[in-house]
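Read the structure below first, then the notes.
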Amino acid sequence: MEGSGGTGGRREDAAPPWRPSEATAFGRFAAAAASLEPSPSASANGAAARVSSLHGVRRKPFVARLTAGIIQTYLECDPEFKYSEVLNPKRFLTNPSTPAHNDGLDNANWDLILYVNLELVNKMSNRRFIVKEMLGQGTFGQVVKCWDTETNDYVAVKVIKNQPAFYHQAIMEVSLLRTLNQKFDPDDQHNIVRMLDYLSFQNHLCIAFEMLGQNLYELLKRNHLRGLKLKYVQAFSKQILDAMVVMREAGIIHCDLKPENILLAPSVATAAAVKVIDFGSACLEGKTVYSYIQSRYYRSPEVLLGYPYTTAIDMWSFGCIVAELFLGLPLFPGATEYDVLQRMVKILGGQPPDELLREAKNTVRFFKHVGSIYAGNAAPIGLSSAYRILSEEEVEARDSKRQKMGKWYFPHLKLDRLICTYPWNNSELAETEKTDRLGLVDFLKGLLEFDPNKRWSPLQALHHPFITGESFTGPYEPIPETARIPVARAAAIDHNPGGGHWLHSGLSPQQWAHTT
Ligand SMILES: Nc1ncnc2c1ncn2[C@@H]1O[C@H](COP(=O)(O)OP(=O)(O)OP(=O)(O)O)[C@@H](O)[C@H]1O
């Protein structure tokens with residue numbers, strides 16, 4: 001499984017290109033946040049003038065003009081001529097579009113073969129979603145932009161692969177998101193994507209969401225992966241934390257937080273609004289089923305090591321995201337799990353506590369036991385641990401193969417130096433910027449804490465000066481959280497909104513994807 005990349009290598013996935021005509025507010029913000037000159041195609045008004053839209057399909061003006069009255073022209077030439085949209089050749093959006101399963105409706109990957117103007121119908125309500133364009137393809141299926149005939153607006157519909165493992169996990173997504181939306185965030189104030197509907201269509205579960213914009217990885221790419229200004233890092237972090245407070249209250253672990261799953265959102269209140277999406281890997285705290293979770297770069301130490309996990313794993317991923325928003329590049333872009341872990345140890349200058357290493361299932365994959373003096377207790381502060389991370393050579397000798405190691409995109413520096421000296425060209429920083437960066441380092445240290453029990457909770461992080469905007473004066477001491485949120489107001493959560501069975505195959509959909 002290692003090396004298959006988990007979901008960490010999905011950076012190559014085709015992500016939705018920025019479309020200025022669909023939400024100019026997103027475009028304006030994206031350009032501002034990334035300090036970019038809008039490219040000619042991204043200039044909102046200019047682009048809008050250069051494209052015309054017919055049923056959501058954009059055409060070049062020349063072609064549009066030539067074909068505008070074509071049906072009328074045909075009728076004038078031949079009064080017998082009858083036009084039917086049904087006879088139009090299908091414009092396929094799914095790749096590959098060769099029929100393979102499900103009576104020819106699905107391709108070889110069990111993806112529904114989608115084409116422009118296909119109607120996804122909710123048979124219960126007769127609500128129709130007319131497919132317009134592809135937004136993204138992921139592990140679980142395809143996300144398409146559709147026209148919602150009920151609201152007369154665009155929505156994003158996730159069409160899940162026609163396979164039991166994906167179906168069941170998607171049912172979980174519906175269930176958790178419905179709980180989050182309706183019970184924990186009824187007024188849509190906490191930066192969590194809204195689910196609008198779900199339906200079964202040709203053996204595919206389809207979930208309709210509000211239409212959002214570009215994801216944060218796309219935004220970083222627009223800025224040539226140079227990172228965002230601190231004020232944007234702060235603005236995004238605050239909103240993501242706000243969503244995480246609600247998730248923790250609900251006892252929900254997202255399990256796949258990463259820049260690709262944070263999307264720009266239209267908002268009247270703030271120019272830099274974002275929302276958390278993709279609860280397709282989420283689960284309830286205390287009811288964790290899978291061990292192969294989180295995208296590799298954002299995977300927490302406890303998940304890597306095979307230790308029981310909680311909502312604290314999302315805080316680790318969040319720490320990785322915050323660092324990446326500032327640096328423009330992932331903090332731990334390891335090519336393997338070992339590579340990720342040894343980067344953590346190098347950059348953070350520490351390692352997981354002995355208690356965790358003693359109890360975790362996978363410790364021997366990464367660490368060597370070098371002493372037993374602290375076998376019963378955590379190593380006292382200042383004294384070394386009973387474990388040391390294996391060297392690259394030791395891992396290679398054990399596995400009898402060369403270790404795949406990822407590229408180091410930045411100098412081999414500890415976190416504080418990385419942040420405070422970025423972009424590492426000795427340029428002089430203003431005093432306020434220096435202080436703010438020290439605040440960011442302190443913030444990151446609380447999030448990227450190896451011990452999940454000491455890692456800050458979302459609420460604790462929300463009160464850090466980096467988030468509140470207060471001037472940073474010294475290390476932040478969060479108020480201890482006395483009352484631990486009851487594990488999942490789970491009883492209140494309906495796990496089975498679609499009426500199907502929640503089957504536990506033992507394989508997570510992510511693993512399933514790699515084994516079939
Ligand atoms: N509500 C939305 N509005 C606009 N685009 C969206 C929306 N939801 C998803 N997308 C696009 O589709 C992509 C995939 O969505 P999502 O992450 O939910 O699917 P997935 O199959 O779980 O993907 P992954 O394999 O990355 O986990 C997103 O990165 C985003 O670009």
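Read the numbers this way: they start at 1 and go in the same order the structure lists the ligands and their atoms. Hydrogens, waters and symmetry mates are skipped; everything else that's a heavy atom, side chains included, is used.
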Heavy-atom distance to [atom]: which of [options] wins?
| atom | options | value |
| --- | --- | --- |
| atom 10 (N) of ligand 1 | N215, V143, L212, V155 | V143 |
| atom 30 (C) of ligand 1 | L196, L263, I207 | L263 |
| atom 16 (P) of ligand 1 | K275, Q214, K158, E210 | K158 |

Just let me know how [X] lines up against ligand 1, side chain, backbone, both or neither, with a heavy-atom cut-off below 4.0 Å.
| X | result |
| --- | --- |
| E218 | neither |
| T139 | both |
| F209 | side chain |
| R194 | neither |

Original post:
With side chains defined as the heavy atoms from C-beta onward, is the minimum distance between F326 and I419 less than 4.5 Å?
Top reply: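 A side-chain contact under 4.5 Å exists here.
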Under a 4.0 angstrom heavy-atom cut-off, which atoms of ligand 1 come close to [X]?
| X | result |
| --- | --- |
| N261 | 17 (O) |
| D256 | 27 (O) |
| K258 | 26 (O) |

**OP:** Could I get the full list of side-chain contact (heavy atoms from CB on, under 4.5 Å) partners for V155, not counting sequence neighbours?
**Re:**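 With sequence neighbours excluded, V155 shows a side-chain contact (heavy atoms from CB on, under 4.5 Å) to F129, C146, D148, V157, L196, given in chain and number order.
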**OP:** For F318, enumerate each residue passing the ring-ring contact (aromatic ring centres under 6.0 Å, His included) test, keeping only those at least two apart in sequence or located in another chain.
**Re:**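 Here no residue qualifies.
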Original post:
How about Q342 and K346: does a side-chain donor come under 3.5 Å of a side-chain acceptor?
Top reply: yes
Original post:
If you measure from the Lys or Arg side-chain nitrogens to the Asp or Glu carboxylate oxygens, is any gap between K161 and D106 under 4.0 Å?
Top reply: no
